[in-house]
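One structure is given below, encoded as structure tokens.
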Amino acid sequence: MSEKQKIRTRFAPSPTGYLHIGGARTALFNWLFARHKGGRFILRIEDTDQLRSTEESTRAILDAMTWLGLNWDEGPFFQSQRVDIHRRMVKKLLEEGKAYYCTCAPEELEDKRKRALAEGRKPKYDGTCRERKLTKTAHAAVRFQCPDTGTTIVHDLIKGAISFNNDELDDLIIERADGFPTYNFAVVVDDALMEITHVIRGDDHVNNTPRQTLLYQALGYPVPRFAHVPMILGADKTRLSKRHGATSVMAYKEMGYLPEALVNYLVRLGWSHGDQEIFSLKELIEYFCLEAVGKSAAVFNQEKLLWLNQHYIKQCPEDRLVEEMMPFWKNLGLDPSDRKLARNVAIDLKERARTLQELADASVFYFQDEIAYAPEAAEKFLTAEAAGHLRAIADGISALTDYSKEGIEVFLRSFAGQRGMKLKFIAQPLRVALTGRTASPGIDDIMVTMGKDRVIRRIAKAVEHITRHRA
RNA sequence: GGUCCCAUCGUCUAGUGGUCAGGACGCUGGCCUCUCACGCCGGAAACAGGGGUUCAACUCCCCUUGGGACUACCA
């Protein structure tokens with residue numbers, strides 16, 4: 001591999017489900033590495049498992065990649081459309097005596113494996129068909145003949161040199177009885193033919209790497225550089241899975257996360273750049289390197305993701321935030337078509353929501369004609385005494401000429417002052433009257449966003465409520 | 001069972017033989033304040049254990065322990 005050779009990385013998911021968190025980080029690392037080096041990022045769908053692969057999954061994975069902003073330069077290539085190439089390579093190995101047909105029944109193999117395990121022996125293929133010189137028959141699979149002496153060393157960019165005794169490796173199947181290649185073979189052929197220079201993938205593949213190295217060598221291909229990134233674990237330190245909560249990238253979208261938050265969170269799982277926590281995409285591309293990728297597994301921590309998401313919501317330009325909010329508002333049955341209102345609502349709430357869903361939930365009162373009062377809030381603040389103040393405030397507001405944040409603030413303060421009260425004693429009843437809750441954005445912000453008429457109407461409703469329930 | 005990988009606060013991590021072991025999330029005390037947030041200031045919190053090597057180990061080596069991955073005609 002010459003130094004001048006362009007870096008080429010790839011992400012090669014199997015379309016047997018959605019894009020999950022771990023896969024997304026692998027894709028991200030590959031993408032960042034390629035972008036940092038000015039190389040190319042290739043997307044290849046590994047769909048040689050005809051039974052489990054689905055088009056919906058492919059679609060879902062592509063959508064998730066797109067949402068995250070991980071654009072690919074080539075592909076998507078489909079491994080299933082390359083089986084003629086794989087078969088040709090299998091044939092080549094067969095002809096060169098580096099592979100052989102195997103007619104052992106899968107059930108029989110499974111049996112032997114179980115027995116070996118039970119007896120404490122290693123469950124590797126016993127080589128029954130190795131010397132039988134079988135020719136092609138209907139249900140024959142093809143096995144690669146692994147050397148049973150010597151060692152294979154994997155030079156991993158993250159973990160360093162890892163050595164394996166070849167006698168630990170068994171004669172793996174490279175072509176199934178159905179004529180389709182298996183993963184370990186197809187991945188080698190495709191990576192080689194697509195001239196992938198750096199294979200960046202999950203740690204769970206390290207044990208496959210020596211066999212793949214042997215395959216590269218048998219096929220006469222240069223061996224790419226490998227970088228095995230550590231796993232992402234759940235809170236119980238086992239491999240992240242559904243039982244740890246949401247693992248689908250798109251589920252995070254639906255829960256109201258911004259893609260840049262997820263990207264920023266994911267990149268910091270295993271990679272770091274000094275003490276920096278917040279990274280723009282530009283910075284990531286500039287700083288990313290494999291040397292700074294750690295060796296140990298990382299636990300997925302929802303709290304930190306929430307913090308980052310909150311950060312990016314605060315950072316989000318208002319117009320984009322409104323766009324991002326639309327599906328969430330609609331889901332709640334709200335009507336956000338008044339663009340100006342929607343925008344002001346987003347501005348009022350962007351500093352107090354960790355997710356878009358939280359923002360939507362907190363914004364309901366802005367859009368409703370009739371609000372519901374939280375029982376404890378009404379109990380505590382919508383009192384007979386408050387009714388008097390509220391009535392006076394409504395009158396004051398309708399006479400208010402400067403209906404702005406500042407004007408309202410001045411009015412409320414002087415109103416409270418005249419009655420010899422602290423602002424808080426009128427702010428809370430007013431807040432409950434306007435929002436139905438005790439926690440909300442600033443009173444003045446709410447009033448400006450809702451508009452004078454609605455505010456007056458809502459205060460009147462609250463007064464009505466009080467006279468009906470108190471007095 | 002075998003093979004391989006990993007090991008700094010609860011979590012994500014900085015550290016590359018000599019540091020009061022730093023930052024972030026979370027937790028927590030305070031300030032700000034019309035509530036809730038935001039923001040600001042402070043606090044508690046870690047080098048798994050044992051051997052070496054060295055004048056000196058979080059840092060290098062070995063062992064133990066603990067965790068994880070793989071062990072398919074899945075990828």
Side-chain angles (χ1 to χ4, degrees), chain A residues 12-16 46-49 51-53 79 102 104-106 109-110 113 116-124 139-143 154 156 158-159 162-165 168-170 172-178 180-184 186-187 201-210 228 230-231 233 235 237-239 265 268-278 292 294-308 310 314 349-354 362 377 381 409 412-413 416 422-432 435 437-444:
Chain A
S14 66
T16 53
E46 310 231 314
D47 56 348
T48 51
D49 185 336
L51 261 61
R52 302 196 308 153
S53 299
Q79 202 157 54
C102 173
C104 294
L109 257 18
E110 184 58 31
R113 187 176 307 118
L117 223 42
E119 292 168 18
R121 290 179 292 114
K122 40 173 121 276
K124 66 181 255 188
H139 295 291
V142 180
R143 286 186 186 270
V154 174
D156 192 275
I158 292 170
K159 296 176 187 294
I162 309 170
S163 106
F164 297 85
N165 280 325
E168 294 293 340
L169 281 18
D170 60 359
L172 73 158
I173 302 231
I174 56 178
E175 187 177 288
R176 293 187 276 240
D178 66 4
F180 278 85
T182 55
Y183 164 73
N184 277 299
V187 77
R201 79 227 301 197
D203 204 324
D204 48 338
H205 285 284
V206 286
N207 285 310
N208 286 325
T209 311
H228 288 99
M231 301 272 85
L233 275 23
K237 304 233 181 194
T238 63
R239 193 187 176 130
Y265 179 70
R268 285 284 293 102
L269 241 34
W271 176 82
S272 60
H273 183 72
D275 282 342
Q276 191 168 343
E277 294 287 350
I278 307 287
K295 295 179 180 184
S296 47
V299 174
F300 189 83
N301 182 226
Q302 193 99 19
E303 290 297 321
K304 190 157 183 181
L305 209 207
L306 277 168
W307 171 72
L308 275 164
Q310 176 174 243
K314 281 189 288 185
L349 286 164
K350 68 187 289 192
E351 299 236 320
R352 46 201 101 213
R354 296 185 302 176
F381 295 107
E409 162 119 37
L412 287 177
R413 285 198 186 281
K422 288 200 157 196
L423 183 57
K424 63 195 288 190
F425 292 109
I426 60 164
Q428 279 307 77
L430 186 52
R431 188 186 317 281
V432 176
T435 72
R437 309 183 188 194
T438 53
S440 80
I443 282 290
D444 42 9

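Per chain, numbering begins at 1; letters A, B, ... match sequence-line order.
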How many whole angstroms separate atom [atom1] of [X] from atom [atom2] of [N]?
X	N	atom1	atom2	value
A:N301	B:rG10	CG	C1'	9 Å
A:F300	B:rU13	CZ	P	13 Å
A:H228	B:rC5	NE2	C1'	11 Å
A:K304	B:rG23	NZ	P	13 Å
A:W307	B:rC27	CH2	C1'	16 Å
A:F164	B:rU3	CZ	P	12 Å
A:I278	B:rU13	CD1	C1'	14 Å
A:R268	B:rC12	CZ	P	11 Å

Between protein and nucleotides 31-35 of chain B, what N or O pairs are separated by less than 3.5 Å?
{"from": "B:rC34", "atom 1": "OP1", "to": "A:R413", "atom 2": "NH1", "distance (Å)": "3.2"}
{"from": "B:rC34", "atom 1": "OP1", "to": "A:R413", "atom 2": "NH2", "distance (Å)": "2.5"}
{"from": "B:rC34", "atom 1": "O2'", "to": "A:R431", "atom 2": "NH2", "distance (Å)": "3.3"}
{"from": "B:rC34", "atom 1": "O2", "to": "A:R431", "atom 2": "NH2", "distance (Å)": "2.4"}
{"from": "B:rC34", "atom 1": "N3", "to": "A:I443", "atom 2": "N", "distance (Å)": "3.3"}
{"from": "B:rC34", "atom 1": "N4", "to": "A:D444", "atom 2": "OD1", "distance (Å)": "3.2"}
{"from": "B:rC34", "atom 1": "N4", "to": "A:D444", "atom 2": "OD2", "distance (Å)": "3.4"}
{"from": "B:rU35", "atom 1": "O4'", "to": "A:Q428", "atom 2": "OE1", "distance (Å)": "3.1"}
{"from": "B:rU35", "atom 1": "O2'", "to": "A:T438", "atom 2": "O", "distance (Å)": "2.8"}
{"from": "B:rU35", "atom 1": "N1", "to": "A:R431", "atom 2": "NH2", "distance (Å)": "3.2"}
{"from": "B:rU35", "atom 1": "O2", "to": "A:T438", "atom 2": "O", "distance (Å)": "3.4"}
{"from": "B:rU35", "atom 1": "O2", "to": "A:S440", "atom 2": "N", "distance (Å)": "2.7"}
{"from": "B:rU35", "atom 1": "O2", "to": "A:S440", "atom 2": "O", "distance (Å)": "3.1"}
{"from": "B:rU35", "atom 1": "N3", "to": "A:R431", "atom 2": "NH1", "distance (Å)": "3.1"}
{"from": "B:rU35", "atom 1": "N3", "to": "A:S440", "atom 2": "O", "distance (Å)": "2.5"}
{"from": "B:rU35", "atom 1": "O4", "to": "A:G442", "atom 2": "N", "distance (Å)": "3.3"}

>> By nearest heavy atom, map A:I158 and A:E168 onto RNA chain B; which one lands nearer the 5' end?
In response: A:E168

>> Closer than 4.0 angstrom, basic N to acidic O: yes or no for A:D170 and A:K122?
In response: no

Please give the distance between the [atom1] atoms of [N] and [M] as a whole number of Å.
N	M	atom1	value
B:rC47	B:rU54	P	26 Å
B:rA21	B:rC55	P	23 Å
B:rU64	B:rG23	C1'	33 Å
B:rU19	B:rC12	P	26 Å
B:rA45	B:rG22	P	12 Å
B:rC62	B:rC6	P	12 Å
B:rC70	B:rA56	P	43 Å
B:rU65	B:rG50	C1'	10 Å

Distance check, rounded to the nearest 0.5 Å: [X] atom [atom1] versus [Y] atom [atom2]?
X	Y	atom1	atom2	result
A:L430	A:T435	CG	OG1	9.0 Å
A:H139	A:C104	NE2	SG	14.5 Å
A:K314	A:K350	NZ	NZ	10.5 Å

Validation row: [X], [Y] side chains within 4.5 angstrom (heavy atoms):
X	Y	result
A:V432	A:T438	yes
A:E409	A:R413	yes
A:D49	A:Y183	no

> Side chain of A:S296: nearest nucleotide among B:rC12, B:rA7, B:rC4?
Replying inline: B:rA7

>> For a quick check of understanding: with a heavy-atom distance under 4.0 Å over all strands, which category does A:E277 fall into, base, sugar-phosphate or nothing?
In response: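 It contacts base atoms.
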
> Which part of the nucleic acid, if any, lies within contact of A:G270, taking any heavy atom under 4.0 Å across all strands shown: a base, the sugar-phosphate backbone alone, or nothing?
Replying inline: sugar-phosphate

I'd like to know if the side chain of [X] reaches the main chain of [Y], judged simply by a donor and an acceptor atom lying under 3.5 Å from each other, with no hydrogens or angles considered.
X	Y	answer
A:D203	A:H228	no
A:R431	A:P441	yes
A:T16	A:R52	no

Could you please name the partner base of [N], counting Watson-Crick and G-U wobble pairs only when both distances are under 3.5 Å?
N	value
B:rG17	none
B:rC74	none
B:rU11	B:rA24

> Taking atom types as they are modelled, is there a donor-acceptor pair under 3.5 Å from the base of B:rG39 to the side chain of A:E351?
Replying inline: no

>> Tell me which one of A:L172, A:I174, A:T209 satisfies side-chain contact (heavy atoms from CB on, under 4.5 Å) with A:N184.
In response: A:L172

> What string of B, S and - do you get for nucleotides 66-75 of chain B, 5' to 3', if B is base contact, S is sugar-phosphate-only contact and - is no contact with any protein heavy atom under 4.0 Å?
Replying inline: --SBBSSBBB

>> Quick check on B:rC5: is either OP1 or OP2 less than 4.0 Å from any side-chain nitrogen or oxygen of A:K159?
In response: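 No, because none of the side-chain N or O atoms of A:K159 sits under 4.0 Å from OP1 or OP2 of B:rC5.
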
